[in-house]
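Input: a single structure, listed below in structure tokens.
All chains are named by letter (A, B, ...) in the order of the sequence lines, taking the proteins before the strands, and each is independently numbered beginning at 1.
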Amino acid sequence: MAGSSQIRTNSSALIAMIADEDTVTGFLLAGVGNVDIRRKTNYLIVDSKTTVKAIEDAFKEFTSREDIAVVLISQYIANMIRFLVDSYNNPVPAILEIPSKDHPYDPAHDSVLSRVRYLFSAESVASGRR
Amino acid sequence: MSGQSQRLNVVPTVTMLGVMKARLVGATRGHALLKKKSDALTVQFRQILKKIISTKESMGDVMRNSSFALTEAKYVAGDNIKHVVLESVKSASLRVRSRQDNVAGVKLPRFEHFTDHSAGDAKSDLTGLARGGQQVQSCRTAYVKAIEVLVELASLQTSFLTLDEAIKTTNRRVNALENVVKPRLENTITYIKGELDELEREDFFRLKKIQGYKKREIERREQDAKKYADNIPLKTGISMNSAHNLIFVGAEKDDDIIF
């Protein structure tokens, strides 16, 4: 089968984060943060002053970078750039929506699970063959 | 769709009939195989789906625990640890490895996390040295566990999306074979058979006609010969038999009568 989208096999890839300060601090404590020689980081701290454009730019940058395999994004931030997140179709890097302290996890808005819900309705991918 | 059951434009010969039959057999076998592949992929798909849902729920719990641990650490070690941690970021020690798994014929990406110990471990040891070191440690372990769950979830999610694509492609092929290729081939075979039958009928008809003509020609000659033979014995005295032989043995090697 022709590999229409070749999946990169990377032996050492980073985890990017777009979240609020507390979540990012926690993950940085765990050792996920990376600053390279050009002072580019793999995380973006989002607070009340961050513009939607900045978030969009960071998202686009993280998804186009070769060495990032996973992008963690808080769900309330994902809601701000919902159209970008929903139209993103590549398998790698994987976009994961995480809950934040103030906004508990809401599966209704998760881009992947909303696709799943469509699967269990009458027109599903698996039973569409009939 | 008017174009749905057309036939291929071929010369209606016996060879083409054989070729078309072979292609039909190939299409049927391919169709059955692809259907099986699609079923296998769908089974995998549903399994992954179930796992995703359960993992997402556990992720919610894990994240909540880590947030609590972080709040505790902040409370105990003072609010400054945020800045300390932000300052001390150098190179990521927790990384992700991606490789490809072959599941039911589809290459699925899988992530696994691993700790790169060579990359600046010392930086994180100084956090919370003044106070709250234990809380900071427990916070760190909580977040590392969170990362494990998240990496597994990412892995499941990418497999899910890739499988989705694969199932759609396979189903598209199955439907194409079932609704376009096979009917076309079947129509072509029917057409070729029809043409061959008609040719055979034409041939048969031509043969019968020619046989009819030949028969009539023979009968006419017999009549002529009889008349002649009737006359000959009266004049020269040859028996009717020999007169018959004279005429007929000579006429035995029959050329084709061309009309």
Using a distance-only test with no angle check, is there a side-chain donor-acceptor pair under 3.5 angstrom linking A:Arg82 and A:Asn79?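 Their side chains do contain a donor-acceptor pair, which is all the 3.5 Å distance test asks for.
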
So which of B:Val144, B:Val151, B:Leu150, B:Leu41 has the biggest tally of heavy-atom pairs under 4.5 Å with chain A?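 Top option by heavy-atom pairs under 4.5 Å: B:Leu150.
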
Just wondering, do B:Leu156 and B:Leu49 contact through their side chains at under 4.5 Å, heavy atoms?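 They are not in contact (no side-chain heavy atoms under 4.5 Å apart), so the answer is no.
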
With a 4.5 Å cut-off on heavy-atom pairs, point out which of A:Ile45, A:Thr23, A:Thr25 contacts chain B the most. A:Thr25

Interchain contact, B:Leu153 with chain A, by part (heavy-atom threshold 4.5 Å): both

Is the backbone N or O of B:Phe111 less than 3.5 Å from a side-chain atom of B:Ser155, with the two atoms forming a donor-acceptor pair by type?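 Yes: the side chain of B:Ser155 pairs with the backbone of B:Phe111.
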
Does A:Phe27 have its ring centroid less than 6.0 Å away from the ring centroid of A:Tyr43?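 Centroid distance A:Phe27-A:Tyr43: not below 6.0 Å, so no.
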
